[in-house]
Amino acid sequence: MHNFIKILSAAMLCALLCSCAGRVTVEMIDKSYATDSVKVNAQIPQLSGLPGKDLQESVNKEIFSAATELLDSFSQSAKETGEQSVFDMQTTEYYNRNNFLSLVTQIDYFARKTHKNSCRITKNINAAEGCEIRLGDLFEDDGYIDTLNAQIEREITEHPEKYADLWQKPRITQNQCFYIDGSHLVLYYPPYELSYYERGFVEIPVNLEDLSICLKEEYRNIFLR
């Protein structure tokens, strides 16, 4: 009995260490400030723990450059106009386990007299292989496009109230934006692409279980087990 407990404890410790290995850490660089007419909440994400120094440096540089360029442009514009202006940058780790990270940084910025502008920086990273992935990389073949379009149709049919304001039917594009939220593959479209600007991003969740047959085995193991 004593040996069994020792073996069980060792197995549990091993499983815990394996589950922690390779986990990517997200830290924030604070670029926030405020004046009489400008309020900036800017928390720029930077990743650590990625295998391969080149990938980590490339991803961090891309995020930092995109965020700071937009912030600099906003700050200059706000200074010139003198209008009450707000810049809000928030990051969500939608999925960070099993050596896979799905990270979305949303930036909303506007002057009081203009409509809100929004953009996103999305990173989907397979940390085990040390690479960023596109939507098509998750699937066995190009048949996923028809499958996803059918799932989009189903979602809209089942929840018409959520999509009543769309002026165009969503379709999968070559560079389709997406993230993983744990149980869903979330497809999204920028403001004004499918609906009026104030609607913001149009998001369509697709249950990963419904895509199981199409996913590569590697990603079935990551998302569904």
Side-chain angles (χ1 to χ4, degrees), residues 26 28 31-32 37-45 62-63 66-78 81 83-95 101-124 132-136 138 144-211:
V26 183
M28 300 296 170
K31 291 286 185 178
S32 303
S37 60
V38 175
K39 182 178 180 180
V40 172
N41 171 38
Q43 306 289 330
I44 304 176
E62 182 181 346
I63 295 174
T68 54
E69 286 176 12
L70 189 56
L71 177 57
D72 289 345
S73 177
F74 163 84
S75 299
Q76 183 62 34
S77 177
T81 62
E83 296 180 352
Q84 292 290 323
S85 304
V86 175
F87 184 100
D88 186 38
M89 178 177 183
Q90 299 188 34
T91 295
T92 303
E93 291 180 59
Y94 281 98
Y95 191 96
L101 171 68
S102 194
L103 186 80
V104 179
T105 297
Q106 179 155 328
I107 303 173
D108 300 316
Y109 55 103
F110 58 94
R112 297 299 187 203
K113 295 180 181 179
T114 62
H115 63 68
K116 179 174 69 176
N117 296 285
S118 298
C119 66
R120 284 179 175 177
I121 304 170
T122 302
K123 293 295 176 183
N124 293 289
E132 289 191 63
I133 66 162
R134 298 173 299 176
L135 181 61
L138 297 174
Y144 80 91
I145 295 176
D146 290 337
T147 299
L148 285 178
N149 281 330
Q151 290 293 331
I152 290 172
E153 185 76 31
R154 173 183 171 184
E155 167 69 12
I156 292 174
T157 300
E158 292 182 352
H159 305 282
E161 70 287 350
K162 289 174 57 176
Y163 307 102
D165 55 4
L166 300 190
W167 56 53
Q168 183 177 333
K169 182 183 296 185
R171 305 292 292 178
I172 298 301
T173 62
Q174 185 175 5
N175 298 308
Q176 180 65 52
C177 298
F178 76 99
Y179 62 86
I180 304 296
D181 75 354
S183 58
H184 294 85
L185 166 68
V186 182
L187 309 165
Y188 72 85
Y189 300 81
Y192 206 65
E193 184 171 318
L194 298 177
S195 186
Y196 57 93
Y197 206 97
E198 287 303 314
R199 167 73 152 77
F201 288 89
V202 174
E203 297 194 335
I204 301 177
V206 178
N207 195 306
L208 286 164
E209 290 284 356
D210 294 336
L211 300 175

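Taking the six-membered ring for Trp and thresholds of 30 and 60 degrees, Trp167 and Tyr192 have ring planes more than 60 degrees apart, a perpendicular arrangement.
Asn149 and Gln151 share no side-chain donor-acceptor pair at under 3.5 Å.
Proximity of Thr147 to Ile145: side-chain heavy atoms (C-beta onward) are nowhere separated by under 4.5 Å. Between Ile107 and Phe74, the closest side-chain pair of non-hydrogen atoms is not below 4.5 Å. Asn41 is listed as a side-chain neighbour of Gln90, based on a closest heavy-atom distance under 4.5 Å. Side-chain atoms of Tyr197 and Asn117, non-hydrogen and from C-beta on, do get closer than 4.5 Å to each other. The shortest side-chain heavy-atom distance between Arg134 and Gln176 does not fall under the 4.5 Å cut-off. For the pair Thr105/Thr92, no side-chain contact is recorded, criterion being any heavy-atom separation below 4.5 Å from C-beta on. Lys162 is not listed as a side-chain neighbour of Pro160, based on a closest heavy-atom distance of 4.5 Å or more.
The residues Glu132 and Lys123 are annotated as salt-bridged, a charged nitrogen and a carboxylate oxygen being separated by less than 4.0 angstrom.
Between the OG atom of Ser102 and the CD1 atom of Ile133 there is a distance of 8.0 Å, given to the nearest 0.5 Å. In this structure, Leu194 CG and Asp165 CG are separated by 9.5 Å, a value rounded to the nearest 0.5 Å. Rounding to the nearest 0.5 Å places CD of Gln76 at 11.5 Å from CG of Leu71. To the nearest 0.5 Å, atoms CG (Leu103) and CG (Asn124) are separated by 9.0 Å. How far CZ of Arg154 is from CD1 of Ile156: 13.0 Å, rounded to the nearest 0.5 Å. Between the SG atom in Cys119 and the CG atom in Leu70 there is a gap of 5.0 Å [rounded to 0.5 Å].
Nearest heavy atom pair, residue Tyr163 against residue Arg199, reads CD2-NH2, 4.1 Å. What you find for Tyr189 and Ile152 is that their closest heavy atoms are OH-CD1, 3.8 Å. Across Ile63 and Pro45, no two heavy atoms sit closer than the pair CG2-O, 3.6 Å.
Side-chain N or O atoms of Glu158 include none that pairs as donor or acceptor with a backbone N or O of Glu155 at under 3.5 Å. Here the side chain of Ser85 pairs a donor or acceptor atom with the backbone of Glu83 at under 3.5 angstrom. In this structure, Ser73 contributes its side chain and Glu69 its backbone to no donor-acceptor pair below 3.5 Å.
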**Message:** Apply side chain to side chain contact (heavy atoms under 4.5 Å, CB included) to residues Asp146 and Ile172 and explain how you reach the verdict.
**Reply:** CA-CA 9 Å; Asp146 290 337; Ile172 298 301; over 6 Å; no
**Request:** Kindly indicate, with the supporting measurements, whether the criterion side chain to side chain contact (heavy atoms under 4.5 Å, CB included) is fulfilled by Leu211 and Tyr144.
**Result:** CA-CA 8 Å; Leu211 300 175; Tyr144 80 91; over 6 Å; no
**Request:** Would you please test Gln43 and Lys31 for side chain to side chain contact (heavy atoms under 4.5 Å, CB included) and show each step?
**Result:** CA-CA 6 Å; Gln43 306 289 330; Lys31 291 286 185 178; over 6 Å; no
Would you tabulate the side-chain donor-acceptor contacts of residues 181-188 under 3.5 Å, counting partners in other chains and residues two or more places apart, or write 'none'?
residue	atom	partner	partner atom	Å
Asp181	OD1	Ser183	N	3.2
Asp181	OD1	His184	N	2.8
Tyr188	OH	Thr122	OG1	2.5

Show me the side-chain donor-acceptor pairs of residues 201-209 shorter than 3.5 Å, one per line, residues at least two apart or across chains.
residue	atom	partner	partner atom	Å
Glu203	OE1	Tyr179	OH	3.1
Glu203	OE2	Arg120	NH1	2.9
Glu203	OE2	Arg120	NH2	2.9
Glu203	OE2	Tyr179	OH	3.1
Asn207	OD1	Glu209	N	2.8

